[in-house]
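Letters go in sequence order (proteins before strands), and every chain restarts at 1.
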Protein chains: 2
Amino acid sequence: MSKPTTRDLAAAAGVSLATVDRVLNGRDGVRAKTIEKVNAAIHDIGFVRDQTAATLARKRFYYFVFVLPDRQDEFLSLIVSSVAEAGRALRHERVTARTLRVPTNDPHSVVQALGALARDGVDGVAVMAPETPQTRDAIQRVRDQGIAVVTFVADQPNAARDRFIGINDVDAGRTAATLIGRFCGAAPGTVLVIAETIQSRDSLDRRHGFDAVVQQDFPHLHASPTIETYADSARTERVLSNALAATPDLRAIYLMSSASAAALSALDAHGVAPDCVVIAHELTSLTRQSLISGRLSAVITQDIGHLVRSALRVLRAKAENAPTVESQERIRIEILLEANLPRLEETPEVSG
Amino acid sequence: MSKPTTRDLAAAAGVSLATVDRVLNGRDGVRAKTIEKVNAAIHDIGFVRDQTAATLARKRFYYFVFVLPDRQDEFLSLIVSSVAEAGRALRHERVTARTLRVPTNDPHSVVQALGALARDGVDGVAVMAPETPQTRDAIQRVRDQGIAVVTFVADQPNAARDRFIGINDVDAGRTAATLIGRFCGAAPGTVLVIAETIQSRDSLDRRHGFDAVVQQDFPHLHASPTIETYADSARTERVLSNALAATPDLRAIYLMSSASAAALSALDAHGVAPDCVVIAHELTSLTRQSLISGRLSAVITQDIGHLVRSALRVLRAKAENAPTVESQERIRIEILLEANLPRLEETPEVSG
DNA sequence: GGCTATTTGAGGTGCGTACCTCAAGTAAAG
DNA sequence: CTTTACTTGAGGTACGCACCTCAAATAGCC
């Protein structure tokens, strides 16, 4: 009646506990035939390994690191506090999570940070950094050392990561275009597209998706070339001011990068028509406030808590060689209006 | 260096293991002063109870039941399979989850189902049923028996449930109104509002939020009285046909209930202008298909997997008297367009 | 100070698995 | 048929905590 244990499994397979252990944990020194026998018995009696007991017996703790850009924007600091919060919640479950800020635009720094992981006894790492040949190789080396690696928020499709945790940026761009197109209505006009830089993969992907939808579904709209702010407020002010002056038929603005603070304040300073549709990425206190005030029409975002927890779950599953529930790890592209803004939680703490 | 155990805690508090155990598990027979001493030591040495070892030692399994309406619509069958999937994934973690279909419109049936739970050794229950005085009392009785109760999808605000797992329906209605208002543009016209019934709390709440936003932000639009389909296709066909004929200035349709199949096929049969904005609730194969075909402009939904997992996490935390991570349990009101539709997963199974 | 009622300590067992050792067994190769 | 190499079994300890019992210590009371 009660759940079968390894003991039952050994009996059912007609082998000893030691052999069952060898099979379950993939140790060698077992004939293929015997492995088969055990697997058959697993199936027969419906044996399910008790993760609770297993992690306890393993007397292991898991140590995971998030390697993040050292840029100071709110999106990143939300990630940092989310990692801290998740780490607190997971103390009960033998998991430690830390963040490591690195100048990720310098591949050498990333390589160095990744290289130091094994020395620190890290079991898994989530990396948010642009893909370069150097980082690709470093990721390969980290994995060769038996450390699980996920790319985080920004994928490195050609790197040997275990998985990518984040959204599809082409679809994010398509979503932005659809919203702008539908919010703008039938009258023709221009959409300003503003990004921190067009060098990054996410900007390229979003732009690609954006253009595809504008061309196909909203041909009466004209999307401007991407205006780069380089995350510099003086420059942002200047280029935006020029662009606005040069665009009499402005209908919408797409703030493509996660750091929209500079652009938003430049827009406020300059002033645009109240019916100008503005869409930004990532829910921060600033974009939340702008949604409420009506300055922003919509925000396209990903749930940061979900991102972080998903990364930790996946890293842990890899480290424990356990399965993951795929449907739980799909990060959604969320559209936020003022109406469906998540209410601010009173207690950002773990509570019980 | 390593994590403090109960042994370390006992030493730090200057008491025995037995006393530590009494304090940690809230057994009585301990002087208030001693409890204080132990709690101080917990704080001092940063003791964190190891949930893994605790559940193992408790030799307990958790058995949770979802009490769901016996209506046959796709939304419900998605919930059922999601519960099954979560149950499979949680076998590793000493959790069993089942669904129980009940004619929830009959309070007596709900009361009976809830009454049987304790007999079956159930540790927690998620209830999706309309609030009535009878169900309210039954929930109270269930909780008095030490069984955790969450209301699920449909809240019963006045019942003594531990928590509600689901979205805020007023905000859902506000979201629908905002989308319709923005998609329709400035021209005046009528919005048809269609629901299965206006008796249910979720319909009332959604309608309330919807009207508030239409009146405030889109006064040029006129929202029709709620048209009830009673989930009957013949009736749906008839009332919809009448309504369409009587509404020459139709601009949009809001399908307010989770079961939109009958209404959508009636719309298809009857034919409406291609630029008519149509918004429905819940992502099902039908609404997905309708988004792709363009029949639907947007779908407002909640992640069913998240709902189910959240309910199970909360029930388990209550049963174990453990904390929950609040930020993880907030169910989001999601807006789906064709562009941000989650891709269908190839393997709906647990993999890894 | 003696009594009772309450509080505490000591020590044990078990949860299901991991991981180790050493001896005994079996198969393959010559 | 022997030798060697590979497989398997038996049995143990440990993980951190829950839960039990019984005796001993202490507090509160008159």
Side-chain angles (χ1 to χ4, degrees), chain A residues 1-39 41-42 45-62 90-95 123 319-322, chain B residues 1-39 41-42 45-62 90-95 123 319-322:
Chain A
M1 190 61 236
S2 75
K3 223 185 65 165
T5 71
T6 41
R7 219 168 290 279
D8 304 325
L9 178 56
V15 300
S16 74
L17 265 180
T19 301
V20 163
D21 173 65
R22 291 182 184 113
V23 174
L24 284 182
N25 296 293
R27 302 182 222 289
D28 50 4
V30 185
R31 240 178 311 159
K33 221 171 183 170
T34 313
I35 298 185
E36 256 324 298
K37 246 182 8 186
V38 174
N39 283 331
I42 289 180
I45 68 173
F47 172 80
V48 177
R49 185 214 223 102
D50 188 325
Q51 276 297 138
T52 309
T55 41
L56 178 59
R58 261 190 273 263
K59 34 189 135 175
R60 280 208 51 189
F61 284 75
Y62 297 101
L90 289 175
R91 279 182 316 178
H92 295 272
E93 299 175 37
R94 323 172 85 78
V95 168
D123 299 292
E320 286 189 328
N321 211 8
Chain B
M1 192 57 237
S2 74
K3 222 185 66 165
T5 71
T6 43
R7 219 168 290 278
D8 304 324
L9 178 55
V15 299
S16 73
L17 267 180
T19 301
V20 163
D21 173 65
R22 291 181 183 110
V23 174
L24 284 183
N25 296 291
R27 303 182 220 288
D28 50 4
V30 185
R31 243 178 309 160
K33 219 171 184 170
T34 313
I35 298 186
E36 254 325 297
K37 242 178 17 184
V38 174
N39 283 332
I42 289 180
I45 68 174
F47 171 81
V48 177
R49 185 214 224 101
D50 188 325
Q51 275 297 137
T52 309
T55 41
L56 179 59
R58 258 190 274 264
K59 33 188 134 176
R60 281 209 51 188
F61 284 75
Y62 296 101
L90 289 175
R91 281 182 315 179
H92 296 271
E93 298 174 40
R94 320 170 86 80
V95 167
D123 299 292
E320 286 189 331
N321 210 8

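Residues Arg49(B) and Gln51(B) meet the side-chain proximity criterion, which asks for heavy atoms closer than 4.5 Å. In this structure the side chain of Val48(A) never reaches within 4.5 angstrom of the side chain of Ile42(A), judged on heavy atoms. At a threshold of 4.5 Å between non-hydrogen side-chain atoms, the residues Thr6(A) and Phe47(A) count as touching. Leu56(A) is not listed as a side-chain neighbour of Thr52(A), based on a closest heavy-atom distance of 4.5 Å or more. Side-chain contact between Arg58(B) and Asn25(B) is present, with at least one heavy-atom pair separated by less than 4.5 Å.
At whole-Å resolution of the value, CZ in Phe47(B) and P in dG16(D) are 11 Å apart. At whole-Å resolution of the value, NZ in Lys33(A) and C1' in dT8(D) are 15 Å apart. In this structure, Leu9(B) places its CG atom 14 Å from P of dG16(D), rounding to the nearest Å. Nucleotide dC17(D) holds its P atom 14 Å from the CD atom of Glu320(B), rounded to whole Å. Protein atom CG of Asn321(A) is 16 Å distant from nucleotide atom P of dT17(C), rounded to whole Å. In this structure, Lys37(B) places its NZ atom 12 Å from C1' of dG9(C), rounding to the nearest Å. Straight-line distance from the OH atom of Tyr62(A) to the P atom of dC15(D): 16 Å, rounded to whole Å. The CG atom of Leu56(A) sits 12 Å away from the C1' atom of dG14(C) (whole-angstrom rounding).
For the pair Val48(A) and Gly29(B), both in contact range of DNA chain C, the more 5′-proximal nearest nucleotide belongs to Gly29(B). Annotation: of the two residues near DNA chain C, Arg60(A) and Asp28(B), the 5′-most nearest-nucleotide partner is Asp28(B).
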Would you mind building the protein contact string for nucleotides 25-30 of chain C? One character per nucleotide, 5' to 3', B for base within reach (heavy atoms under 4.0 Å), S for sugar-phosphate only, - for untouched. --S---
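Note that the two end axes of the helix from dG1(C)-dC30(D) to dG30(C)-dC1(D) enclose an angle of 10°, each drawn from 5 base pairs, rounded to 10 degrees.
For the side chain to side chain contact (heavy atoms under 4.5 Å, CB included) test with Val23(A), the passing option among Leu9(A), Val38(A), Val15(A) is Val38(A); the others fail.
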Report the C-alpha distance between Tyr62(B) and Glu320(B) in whole Å, list the side-chain angles of each, state the deciding distance to 0.1 Å, and finish with yes or no for side chain to side chain contact (heavy atoms under 4.5 Å, CB included). CA-CA 9 Å; Tyr62(B) 296 101; Glu320(B) 286 189 331; 3.0 Å; yes
Applying salt bridge (charged side-chain N to carboxylate O under 4.0 Å, His left out), run through Arg60(B) and Asp123(B) and close with a yes or a no. CA-CA 10 Å; Arg60(B) 281 209 51 188; Asp123(B) 299 292; 2.3 Å; yes
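In this structure, Arg7(B) has no salt bridge (charged side-chain N to carboxylate O under 4.0 Å, His left out) partners at least two apart in sequence or on a different chain. Considering only residues two or more places apart in sequence or on other chains, Thr55(B) meets the side-chain hydrogen bond (donor to acceptor under 3.5 Å, both in side chains) condition with none of them.
For the pair Thr6(B) and dG16(D), the criterion of a side-chain N or O lying under 4.0 Å from OP1 or OP2 is not met. Between Arg58(A) and dA14(D) there is no side-chain N or O to OP1 or OP2 distance below 4.0 Å.
Of the residues in residues 13-27 of chain A, those with a non-hydrogen atom less than 4.0 angstrom from any atom of DNA chain C are Asp21(A), Asn25(A), Arg27(A).
Closest contact between the side chain of Lys59(A) and the listed nucleotides dA18(C), dA14(D), dG14(C) involves dA14(D). For Arg7(A), counting side-chain heavy atoms from C-beta on, the closest listed nucleotide (dA14(D), dG16(D), dT17(C)) is dT17(C).
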Contacts table for residues 27-36 of chain A: side-chain donor-acceptor under 3.5 angstrom, sequence neighbours left out:
unit_1	atom_1	unit_2	atom_2	d
Arg27(A)	NE	Asp21(A)	OD2	3.0
Arg27(A)	NH2	Asp21(A)	OD1	3.2
Arg27(A)	NH2	Asp21(A)	OD2	3.2

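When heavy atoms are screened at a 4.0 angstrom cut-off, Phe61(B) is found touching no nucleic acid atom at all.
Minimum heavy-atom separation, Pro4(B) to Ile45(B): CG-O, 3.5 Å.
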